[in-house]
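See structure below.
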Protein chains: 2
Amino acid sequence: MATLEEDEVEFRAGDVVRGTSDEVESIYIVKEGWLFSAVELGDGRRQILEFFVPGDVVGLHDLPYEQTSYELVTLTESTLCPFPKERLGPVFETSRAVTGLLFTFSLIDHVIMLDRLKSIGRLAAKDRIAHLMLTVRSRLCITNDELGDHFFFPIPQAEMADALGLTPVTISRSKAELQQEGLIRWQRREVELLDRAALEKRTRFDARYQNLDTSWFTTLCGGY
Amino acid sequence: MATLEEDEVEFRAGDVVRGTSDEVESIYIVKEGWLFSAVELGDGRRQILEFFVPGDVVGLHDLPYEQTSYELVTLTESTLCPFPKERLGPVFETSRAVTGLLFTFSLIDHVIMLDRLKSIGRLAAKDRIAHLMLTVRSRLCITNDELGDHFFFPIPQAEMADALGLTPVTISRSKAELQQEGLIRWQRREVELLDRAALEKRTRFDARYQNLDTSWFTTLCGGY
DNA sequence: CGGGTTTTTGAAGTCCATCAATCCCGGTGG
DNA sequence: CCACCGGGATTGATGGACTTCAAAAACCCG
């Protein structure tokens with residue numbers, strides 16, 4: 001994977017890394033910072049699709065297209081490692097392990113996406129918020145297995161709203177209720193999940209980065 | 001791909017092909033019939049995740065897991081070709097083309113999913129219905145480029161509701177309005193899109209099975 | 001021609017959206 | 001060090017889209 005991280009580009013918070021309908025030139029590996037992908041609906045409405053944190057691979061699913069299907073925006077100061085699309089060919093040729101890893105990432109991402117679909121389609125506002133926090137925490141745990149229930153969470157309420165199909169007003173009110181019920185504490189850019197078990201139960205949360213089948217990777221890479 | 005279709009199993013309409021938390025044993029290629037994947041929330045709520053039609057590959061994104069993350073149910077009488085997970089290893093080893101094809105399918109599916117997220121998160125009930133019909137039509141066009149705006153659409157209103165985060169009552173009312181506006185005709189198990197251009201505009205529909213970058217597949221398969 | 005499922009229709013209720021004003025907090029400059 | 005400023009967050013009042021509950025109608029199949 002290290003070969004994918006040769007280059008480095010820095011962005012400030014709020015920068016648009018890539019717009020919609022740009023040419024698909026590269027994927028990015030997030031070295032530092034938080035980002036999100038989104039589509040604008042043209043009348044001011046916006047849907048945020050995914051959040052990205054350090055270690056994530058961004059832009060994989062645009063590869064089969066000529067133009068990007070969504071925009072990419074930074075939430076915080078960020079450092080990205082772009083890797084040109086045309087240089088992926090040689091990588092696929094030489095390293096089955098990298099190919100398999102990217103393939104696996106894409107499959108896992110898809111399942112996470114299905115969970116988010118469930119959340120937006122069938123959960124109440126408060127539960128959608130909790131579900132997103134649980135998902136983010138679960139992702140952060142991959143690169144930091146010491147992570148407790150109190151962590152950095154730099155997503156403003158407007159962006160939470162656009163990610164969850166709600167409005168900032170509802171986010172604010174739901175947050176207040178969740179806090180009054182003693183389920184979370186969310187101040188500034190940090191959250192604490194005060195009763196994670198309860199939150200996981202309410203939202204029917206599944207830890208998709210765990211319970212992975214180790215034999216799958218062997219299958220994929222031919223046992224190397 | 002033909003090697004993936006050796007076996008064949010038949011199901012009647014409404015059969016549960018695979019439950020949630022079953023062991024992940026194989027992927028399926030849909031030879032005949034329509035299916036959907038769904039998660040139950042336990043209190044009667046249900047979210048339908050994806051619909052599948054002949055030619056689709058089902059179950060790819062479960063491969064990295066030990067247990068299935070959603071159930072698989074038939075909408076109509078169906079014929080599936082199961083392909084055992086453990087036999088995928090040899091396939092990946094011998095055919096980069098098949099590997100690349102499956103990878104590409106998974107990436108495209110992901111983008112379709114992001115579109116559905118936008119639909120459920122930010123579109124009104126009528127537009128969600130239209131968006132789903134457009135997505136299905138666009139998928140059907142791959143295997144039938146003669147397909148007009150009038151096609152077989154065997155999704156009951158209860159299932160539409162569970163797919164779109166709505167209730168059957170709202171589906172029925174929204175359908176009536178769409179028909180009165182002369183935008184669609186939807187009777188029994190058939191739909192006709194009377195003004196596709198208008199529907200695509202309203203829902204900001206993108207044809208994700210088109211505008212594919214042909215060079216990508218070369219990249220992926222090393223030019224074979 | 002029944003009996004069960006699916007769809008439609010009506011009335012009432014709820015959750016979230018909208019609009020708009022106020023508050024809070026961090027950053028800036030005097 | 002503090003007053004000022006601006007964006008994000010909060011709060012209140014009102015409205016609307018969708019839900020819920022319930023019943024009737026239409027459809028489908030044997």
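Since we're looking at a predicted model, the values are computed, not measured. Below, chain A is the first sequence line, B the second, and so on; all start at residue 1.
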Distance test, side-chain N/O of A:Gln157 to OP1/OP2 of D:dT10, below 4.0 Å:
yes
Report the distance from atom CZ of B:Arg12 to atom C1' of D:dC29, rounded to the nearest whole Å.
15 Å
Any luck finding a side-chain donor-acceptor pair between B:His131 and B:Glu200 under 3.5 Å?
no
Would one find a side-chain N or O of A:Lys175 under 4.0 angstrom from OP1 or OP2 of D:dT10?
yes
Output yes when B:Lys85 and B:Asp62 qualify as a salt bridge under the 4.0 Å nitrogen-oxygen rule, no when they do not.
no
Nearest whole angstrom, please: distance from the P of C:dC15 to the CD1 of A:Ile129.
15 Å
Using whole Å, report how far CD of A:Glu177 lies from P of D:dT11.
11 Å
A:Leu75 CG to D:dG7 P, in whole Å, measures 18 Å
Find which nucleotide of DNA chain D each of A:Ala158 and A:Arg122 is nearest to by heavy atoms, and output the residue with the more 5' nucleotide.
A:Ala158
Polar pair under 3.5 Å, donor/acceptor by atom type, side chain A:Arg188, base D:dG8
no
Is B:Ile171 touching bases, backbone alone, or none of the nucleic acid, heavy atoms closer than 4.0 Å?
nothing
Step by step, work out the side chain to side chain contact (heavy atoms under 4.5 Å, CB included) result for B:Phe205 and B:Thr135.
CA-CA 8 Å; B:Phe205 175 76; B:Thr135 303; 3.7 Å; yes
Using a heavy-atom cut-off of 4.0 Å across all strands, would you classify B:Ala124 as base, sugar-phosphate, or nothing?
sugar-phosphate
Specify the separation, in whole Å, of atom CD of A:Gln187 and atom C1' of D:dT10.
12 Å
Side chain to side chain contact (heavy atoms under 4.5 Å, CB included) between A:Phe36 and A:Leu49, intermediate numbers included:
CA-CA 7 Å; A:Phe36 64 85; A:Leu49 304 165; over 6 Å; no
Return the value, rounded to whole Å, for the distance between atom CD of A:Gln179 and atom P of D:dT11.
10 Å
Measuring from the side chain of A:Val169 (C-beta onward, heavy atoms only), which nucleotide among C:dG10, D:dC18, D:dT11 has the closest atom?
D:dT11
Phosphate oxygens OP1/OP2 of D:dT10: is one of them under 4.0 Å from a side-chain N or O of A:Ser172?
yes
Under 4.0 angstrom, heavy atoms only, what part of the nucleic acid is B:Gly165 near: base, sugar-phosphate, or nothing?
sugar-phosphate
In whole angstrom, what separates A:Arg45's CZ from C:dC16's P?
18 Å
Using atom CZ of A:Arg189 as one end and atom C1' of C:dC25 as the other, report the distance to the nearest whole Å.
13 Å
Atom pair CD/OG of A:Glu10 and A:Ser78 - distance to nearest 0.5 Å
9.5 Å
I want to check one thing: is the phosphate of C:dC16, taken as OP1 and OP2, less than 4.0 Å away from some side-chain N or O of A:Thr170?
no
